[in-house]
Chemist: 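Can you read through this structure? Questions will come right after.
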Amino acid sequence: MSVRRPVAWIVAVVLFVEAVGVAALNWFLGIVVDRQDMSLAGLDPDTMSLSSKIGGVVFGLYFALCGLVALLVALRDRAPAGLGRILLISAAVVHGLLGAFSWGLVGPGAFVFMIVVLGLIVLLLMTYDAREEPAAGPRPEGDNGGKGGDGSPVSPPPAPTTP
């Protein structure tokens with residue numbers, strides 16, 4: 001049994017949930033900054049609030065797009081290619097960096113979550129990267145794939161003759 005499709009489904013669901021969570025968290029932080037009405041190093045509180053909300057929406061859309069790529073991989077049961085593969089690789093890098101920062105800033109729980117998601121994305125990429133061997137079946141007579149008569153890649157040298 002292959003683990004490719006279930007891993008792709010799990011990655012898609014996790015990335016969609018994470019997209020909503022990141023967007024909601026940044027939106028909430030923007031509201032908190034707006035209601036405190038305090039400046040940080042002379043920055044306008046409205047600017048900080050708006051930038052937090054925009055950042056949350058952008059990262060939420062980014063994770064949702066990565067989740068869409070994983071969902072398409074799960075539905076099609078084919079490896080991601082092109083931009084989809086780049087998106088999933090970048091999501092893995094982002095989770096690695098967030099995991100490194102979250103250990104010191106948030107705690108081990110957030111670190112473990114980030115590393116589990118990183119592992120799932122890498123597993124998704126690696127399981128679809130493996131090439132499947134062609135099915136072994138009877139070959140037509142005389143088709144030995146360009147190999148020697150005994151199946152070796154090079155035909156043996158002729159036997160020496162004695163005078």
Side-chain angles (χ1 to χ4, degrees), residues 1-35 40 43 47-140 143-147 151-154:
M1 179 168 158
S2 177
V3 298
R4 295 182 335 182
R5 279 190 125 168
V7 168
W9 281 106
I10 291 170
V11 169
V13 168
V14 167
L15 286 174
F16 283 133
V17 169
E18 191 173 9
V20 172
V22 165
L25 177 67
N26 279 313
W27 196 270
F28 173 73
L29 290 175
I31 291 172
V32 168
V33 167
D34 194 32
R35 289 191 180 162
L40 178 66
L43 294 174
T47 304
M48 290 190 304
S49 172
L50 183 64
S51 63
S52 175
K53 291 176 183 177
I54 290 172
V57 169
V58 167
F59 265 106
L61 289 175
Y62 167 71
F63 285 136
L65 186 60
C66 293
L68 178 65
V69 170
L71 180 66
L72 290 175
V73 167
L75 290 174
R76 295 178 182 166
D77 198 23
R78 288 191 310 177
L83 182 63
R85 187 168 184 82
I86 292 170
L87 278 172
L88 287 176
I89 291 171
S90 69
V93 170
V94 165
H95 280 87
L97 290 172
L98 287 176
F101 289 127
S102 67
W103 178 270
L105 297 174
V106 182
F111 170 78
V112 168
F113 174 76
M114 290 295 161
I115 298 305
V116 165
V117 175
L118 167 67
L120 285 171
I121 294 172
V122 169
L123 183 62
L124 168 69
L125 290 167
M126 295 300 291
T127 55
Y128 277 97
D129 194 35
R131 304 278 181 229
E132 291 193 21
E133 295 294 322
R139 290 188 186 182
D143 179 23
N144 54 9
K147 298 180 180 177
S152 63
V154 178

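Note that this is a predicted model, so its numbers are computed, not measured. These values consider heavy atoms only, across backbone and side chains, with no hydrogens, waters or symmetry-generated copies.
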Chemist: If you round to the nearest 0.5 Å, how far is CE of Met48 from CG of Leu43?
Modeler: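 Between atom CG of Leu43 and atom CE of Met48 there are 6.0 Å.
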Chemist: With sequence neighbours excluded, what pairs up with Val116 under the side-chain contact (heavy atoms from CB on, under 4.5 Å) test?
Modeler: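 In terms of side-chain contact (heavy atoms from CB on, under 4.5 Å), with neighbours along the sequence ignored, Val116 is linked to Val112, Leu120.
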Chemist: What pairs with Asp77 under salt bridge (Lys or Arg N to Asp or Glu O under 4.0 Å), at least two apart in sequence or on another chain?
Modeler: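 For Asp77, the residues satisfying salt bridge (Lys or Arg N to Asp or Glu O under 4.0 Å) (neighbours in sequence not counted) are Arg4.
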Chemist: Please tell me if the side chains of Asn26 and Leu29 come closer than 4.5 Å, counting only heavy atoms from C-beta onward.
Modeler: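 Heavy-atom side-chain distance check passes, below 4.5 Å.
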Chemist: List the residues meeting salt bridge (Lys or Arg N to Asp or Glu O under 4.0 Å) with Arg76, not counting sequence neighbours, and say none if there are none.
Modeler: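 Arg76 satisfies salt bridge (Lys or Arg N to Asp or Glu O under 4.0 Å) with no residue once adjacent residues are dropped.
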Chemist: Hey, could you give me each pair passing ring-ring contact (aromatic ring centres under 6.0 Å, His included) that has a residue in residues 68-113? Not counting sequence neighbours.
Modeler: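 For residues 68-113, and leaving out neighbouring residues, the ring-ring contact (aromatic ring centres under 6.0 Å, His included) pairs sorted by first residue read Phe63-His95, Trp103-Phe111.
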Chemist: Of all the heavy-atom pairs spanning Ile121 and Ala92, show the shortest one and how long it is.
Modeler: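 Scanning both residues, the minimum pair turns out to be CG2-CB, 3.8 Å.
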Chemist: Mind listing the side-chain donor-acceptor pairs of residues 80-88 below 3.5 Å, one per line with the distance, residues two or more places apart or on another chain?
Modeler:
none

Chemist: Could I get the full list of side-chain contact (heavy atoms from CB on, under 4.5 Å) partners for Ala23, not counting sequence neighbours?
Modeler: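 For Ala23, no residue satisfies side-chain contact (heavy atoms from CB on, under 4.5 Å) once neighbours in sequence are set aside.
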Chemist: Strictly distance-based, threshold 3.5 Å: is any side-chain N or O of Arg5 a donor or acceptor partner for the main-chain N or O of Leu75?
Modeler: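 Yes, Arg5 side chain to Leu75 backbone: donor-acceptor pair under 3.5 Å.
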Chemist: Does the side chain of Phe28 reach to within under 4.5 Å of the side chain of Val32, using non-hydrogen atoms?
Modeler: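 Result yes, sub-4.5 Å side-chain heavy-atom pair found.
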Chemist: I'd like to check Leu97 versus Met114 (side-chain heavy atoms, cut-off strictly below 4.5 Å). Are they in contact?
Modeler: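 Side chain of Leu97 against side chain of Met114, heavy atoms only: no contact under 4.5 Å found.
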